[in-house]
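Following: one structure in structure tokens, then a few remarks.
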Amino acid sequence: MCKGLAALPHTCLERAKEIKTKLGTLLQKPESAIDLIIPYPDKPEKPPKASKPSAEEAVQWRDSLERLLQNSYGLSVFQSFLKSEFSEENIEFWMACEDYKKAKSPSKMTTKAKKIYEEFIQTEAPREVNIDHFTKAVTMKNLVEPSSTSFDLAQKKIFALMEKDSLPRFVRSEFYQELIK
């Protein structure tokens with residue numbers, strides 16, 4: 001029976017220290033006020049002028065959140081709807097994850113990962129998303145060495161939550177009803 005860390009093999013202790021150091025670097029507190037600047041503005045950058053979809057196209061969104069989010073006009077209307085309900089953190093997180101996946105350099109990936117973690121994942125984050133403990137733990141583990149898939153599990157959970165909860169409310173809303181007239 002192992003008693004404390006001293007009983008662990010030397011290599012396990014070294015690996016644990018390495019993980020602790022990497023997490024500490026990633027999760028360190030900001031040193032100045034400039035570090036507190038939020039990378040995802042409250043007012044999103046205006047997407048290129050998207051044309052209003054036909055009523056037939058908008059009707060298809062009723063059954064497919066994925067199709068809705070792939071349409072820039074649909075995404076914008078859905079985002080406005082969520083803001084009107086003060087529940088935009090889920091779509092903001094989903095969009096931040098999509099943006100994160102586009103990062104090519106490891107340094108950009110690390111910077112974006114830290115900002116997403118601090119903004120949406122960590123306990124008491126300014127726009128904390130509702131994910132279970134297991135998903136949060138897996139995401140934190142993935143951030144030790146950030147990759148394009150680091151947030152995949154959390155993003156899938158949030159997508160499922162929006163699909164199950166937000167999409168049905170959106171479909172009943174005036175935002176959507178105006179599109180299908």
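Just so we're clear, the structure is a prediction, and the values are computed from it rather than from any experiment.
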Check [X] against [Y] and note the closest heavy-atom contact, atom names and distance.
X      : Y      : value
Pro146 : Thr110 : CG-OG1, 4.0 Å
Ser150 : Thr139 : O-CG2, 4.0 Å
Leu161 : Asn130 : CD2-O, 4.4 Å

| field | Where at least one partner belongs to residues 54-80, residue pairs that pass salt bridge (charged side-chain N to carboxylate O under 4.0 Å, His left out), sequence neighbours excluded | value |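 Residue pairs with at least one partner in residues 54-80: there are none.
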Kindly compute the distance separating [atom1] ([X]) from [atom2] ([Y]), expressed to the nearest 0.5 Å.
X      : Y      : atom1 : atom2 : result
Asn90  : Ser166 : CG    : OG    : 6.0 Å
Ser54  : Leu179 : OG    : CG    : 10.0 Å
Leu167 : Phe159 : CG    : CZ    : 8.5 Å
Ile158 : Thr135 : CD1   : OG1   : 8.5 Å
Ile91  : Ser80  : CD1   : OG    : 11.0 Å
Ser51  : Asn71  : OG    : CG    : 8.0 Å

| field | hydrophobic_cluster_shared for Tyr73 and Leu65, side chain cutoff 4.5 Å | value |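 Same cluster: Leu65 reaches Tyr73 through Ile, Leu, Val, Met, Phe, Trp or Tyr contacts under 4.5 Å.
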| said: Around atom CG of Asp165, are there more than 12 heavy atoms from other residues, nucleotides or ligands closer than 6.0 Å? | reply: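 Yes, CG of Asp165 has more than 12 neighbouring heavy atoms, counting only those of other groups under 6.0 Å.
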Flag the pair [X] / [Y] as yes when at least one side-chain heavy-atom distance between them is below 4.5 Å, and no otherwise.
X      : Y      : answer
Val171 : Trp61  : no
Lys83  : Glu92  : yes
Lys102 : Lys112 : no
Asp152 : Lys101 : yes
Ser87  : Arg169 : yes
Tyr117 : Met140 : yes
Glu98  : Leu69  : no

| said: Among residues at least two apart in sequence or on other chains, which ones pass ring pair (Phe, Tyr, Trp, His ring centres under 6.0 Å) with Phe81? | reply: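 Scan of Phe81 (ring pair (Phe, Tyr, Trp, His ring centres under 6.0 Å), adjacent residues dropped) gives Phe170, Phe175.
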| message | Under a 4.0 Å threshold between the charged nitrogen and the carboxylate oxygen, would Glu119 count as salt-bridged to Arg127? | response |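 Yes, charged N to carboxylate O under 4.0 Å.
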| Cationic N near anionic O, under 4.0 Å, Lys52 to Glu178 |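 Looking at Glu178 together with Lys52, the answer is no, because their closest N to O distance does not fall below 4.0 Å.
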| request: Assess whether side chain to side chain contact (heavy atoms under 4.5 Å, CB included) is satisfied between Leu153 and Phe134, documenting all intermediate values. | output: CA-CA 10 Å; Leu153 180 61; Phe134 174 78; 4.1 Å; yes
| message | Before you tell me yes or no, could you show the steps for Lys136 and Lys157 under side chain to side chain contact (heavy atoms under 4.5 Å, CB included), namely the whole-Å CA-CA distance, both residues' side-chain angles and the distance that decides it to 0.1 Å? | response | CA-CA 11 Å; Lys136 190 178 278 194; Lys157 296 276 184 169; over 6 Å; no
Where the side chain of [X] meets the backbone of [Y], is there a donor-acceptor pair that is under 3.5 Å apart?
X      : Y      : answer
Tyr100 : Thr149 : no
Tyr176 : Ala58  : yes
Thr111 : Ser107 : yes

